[in-house]
Novice: 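Supplied in structure tokens, the structure appears directly below.
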2 protein chains.
Amino acid sequence: MHKIPNIAVIRLALYAKHLEMLHNDGVELVSSVKLAKMCGANPAQIRKDLAYFGQFGVRGVGYYVNDLLNALKEVMGTNRTWRLGLFGVGNLGKALLGFEQFAQRGFIFTAAFDKDIDLVGTEVQGMEISQSEDIKEVIKGPGCFDIAVLATGADRAQDCAMRIVEAGIHAILNFTPVRLVVPENVFVENVDFTVRLHALCYSLTTGSDVTQRHPR
Amino acid sequence: MHKIPNIAVIRLALYAKHLEMLHNDGVELVSSVKLAKMCGANPAQIRKDLAYFGQFGVRGVGYYVNDLLNALKEVMGTNRTWRLGLFGVGNLGKALLGFEQFAQRGFIFTAAFDKDIDLVGTEVQGMEISQSEDIKEVIKGPGCFDIAVLATGADRAQDCAMRIVEAGIHAILNFTPVRLVVPENVFVENVDFTVRLHALCYSLTTGSDVTQRHPR
DNA sequence: CTTGATTAGTGAACCTTTTCACAAGAATGG
DNA sequence: CCATTCTTGTGAAAAGGTTCACTAATCAAG
Ligand SMILES: NC(=O)c1ccc[n+]([C@@H]2O[C@H](COP(=O)([O-])OP(=O)(O)OC[C@H]3O[C@@H](n4cnc5c(N)ncnc54)[C@H](O)[C@@H]3O)[C@@H](O)[C@H]2O)c1
Ligand SMILES: NC(=O)c1ccc[n+]([C@@H]2O[C@H](COP(=O)([O-])OP(=O)(O)OC[C@H]3O[C@@H](n4cnc5c(N)ncnc54)[C@H](O)[C@@H]3O)[C@@H](O)[C@H]2O)c1
């Protein structure tokens, strides 16, 4: 048994995205070379990444787009709908609520929370805003969700994360600049745009390219 | 001369962020071990990363927070203000315009563009919206900027990128899902939240943690 | 001045990840 | 049936990064 590199798992999402594009274009068959060109990757890497999870191709032929896409979705756990709960319906939160591509890729917001009394009870992008304190109630009903999206102000982030964890949620997409302290069994993905900006600054200043080939 | 790992450069931004926090707390001296704990990194890695760019510490003592911070800013090219130009003042664009931490870290928007005639000429977050076609004019005046932030609809992204490149801009922070085709000497950083969500899905489904230790 | 405790800087070992190169399987055309 | 052309799957080599372990420098206390 081989140890699967974390980064290989991340790349599966990239491959799936491009396979979806091929599928929408009616393409039925694709080779690792062609897919690699689309993704900006190395064909051997694609083959190796896929090999960690099984044999999905046909030698001398290539990969059947639809079959591979479904296989990848199964591996990644995205052959289902994932429900998102938004915390902090400010500038960023509103943009996230209105981001149609989430739904297209199987992510739907089922709940939104804010501590601002003026916001609670109102509708934003067709979603009624609840109070953060009510998370345990909301989670029992149709507002139940699997992944928390944290977009509150930085000062309330850790506090809010605690509440999320206490409510039994095990995954947080964290847009705040705070390094969250959570139990071991809770997964956190930190998103920080400024780090990416710094990479651009360095590249512009020194002329040496430190940008990342693949989206993150 | 050693080749500097790309990822080491990225980590400098992380170190700088935590040094800034120490500085704000009035801490004057820090060891690689202490900084490593804060960043969730290995102390040897910090020392090695810094060593790529010079000798910033004092043996037996540690690093003077302020000195190291300034040195890192110089290395990264962030000891100055960088001007940003926004393309696409939609949901996401508005959130970005209103994101105060950009300014705090030396990034300021000096121009914003949209193709929507109703938006052009109006003010969003105190910024007057220009027409994308006018980029070459705007860049000659006070709206001049160093880095383009691309947040248009996906269908217009490539087209808009071309215009940006033609106007002489060499760096793009790309929020659209499009893989931009640009000349070799133009740096592009792609931001894609859904990839991060997929990592959470995989972790939740398999129980094996593929989230990234450091923000990206 | 000497000893002991710290801590940066660094070559080397170690580990991970990427890329290469080729065998094995599949289709096509004679 | 055979030769040719593709293309996957994969062991092995190469490249890239991380961590170890030690040396050199600094400081404080006796
Ligand atoms: N705006 C951006 O482009 C951007 C980019 C990157 C990161 N961020 C980060 O995202 C977060 C939100 O940014 P923003 O620009 O939307 O800020 P914002 O001030 O517009 O919105 C914050 C919202 O969170 C709500 N809130 C505060 N505490 C809460 C709690 N405990 N529960 C629920 N809601 C709570 C506030 O009432 C407010 O509506 C910040 O931490 C910011 O650093 C923003
Ligand atoms: N909203 C989000 O949270 C989010 C998250 C990740 C990525 N994105 C991506 O960011 C982009 C923008 O998202 P959004 O939700 O703000 O969409 P939006 O539809 O709200 O805004 C798009 C804006 O871009 C403008 N535009 C189109 N072509 C233009 C051009 N050539 N020059 C200047 N302006 C132009 C449109 O007029 C519109 O105002 C999309 O590509 C989307 O996929 C959005």
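Convention: sequence-line order gives letters A, B, ...; per-chain numbering from 1.
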Novice: Roughly, in whole Å, what's the span from NZ in A:Lys3 to C1' in C:dT16?
Specialist: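 Value for this atom pair: 8 Å.
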
Novice: Atom CG of A:Asp67 to atom P of D:dT8: distance rounded to whole Å?
Specialist: 14 Å

Novice: Would you say that more than 12 heavy atoms from the other residues, nucleotides or ligands in this model lie under 6.0 Å from the CD of B:Gln101, or not?
Specialist: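 Enclosed: over 12 neighbouring heavy atoms sit under 6.0 Å from CD of B:Gln101.
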
Novice: Starting at CG of B:Asn6 and ending at C1' of C:dT17, how long is that distance when rounded to a whole Å?
Specialist: 15 Å

Novice: For the aromatic rings, using the six-membered ring if either is Trp, is the centroid distance between B:Phe193 and A:Phe175 under 6.0 Å?
Specialist: yes

Novice: Figure out the CG/P separation between B:Leu50 and C:dG9, and round it to whole Å.
Specialist: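 Whole-Å distance recorded here is 7 Å.
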
Novice: Using distance alone, with no hydrogens and no angle criterion, decide if A:Arg196 and A:Gln212 have a side-chain donor and acceptor under 3.5 Å apart.
Specialist: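 Yes.
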
Novice: Going by an N to O cut-off under 4.0 Å, is there a salt bridge joining B:Asp159 and B:Lys115?
Specialist: no

Novice: Taking the nucleotide of DNA chain C with the closest heavy atom to each, which residue, B:Lys48 or A:Asn42, is nearer the 5' end?
Specialist: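 Nearer the 5' end of the strand: B:Lys48.
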
Novice: In whole Å, I'd like the distance from the CD1 atom of A:Ile10 to the C1' atom of C:dT17.
Specialist: 15 Å

Novice: Would you find a donor on one side and an acceptor on the other, under 3.5 Å apart, between the side chain of B:Ser32 and the backbone of B:Arg47?
Specialist: no

Novice: Atom CG of A:Leu35 and atom P of D:dT7: how far apart are they, to the nearest Å?
Specialist: 13 Å

Novice: What one-letter contact string describes nucleotides 1-8 of chain C from 5' to 3', where B marks a base within less than 4.0 Å of any protein heavy atom, S marks contact via sugar-phosphate atoms alone, and - marks no contact?
Specialist: -----BBB

Novice: What is the distance from CD of A:Gln45 to P of D:dT7, rounded to the nearest Å?
Specialist: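 Interatomic distance, CD of A:Gln45 to P of D:dT7: 20 Å.
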
Novice: Please report the distance, rounded to the nearest Å, between CG in A:Leu29 and P in C:dA27.
Specialist: 10 Å

Novice: Work out which heavy atom in B:Pro177 is nearest to a heavy atom in A:Lys17; give both atom names and the distance.
Specialist: O-NZ, 3.5 Å

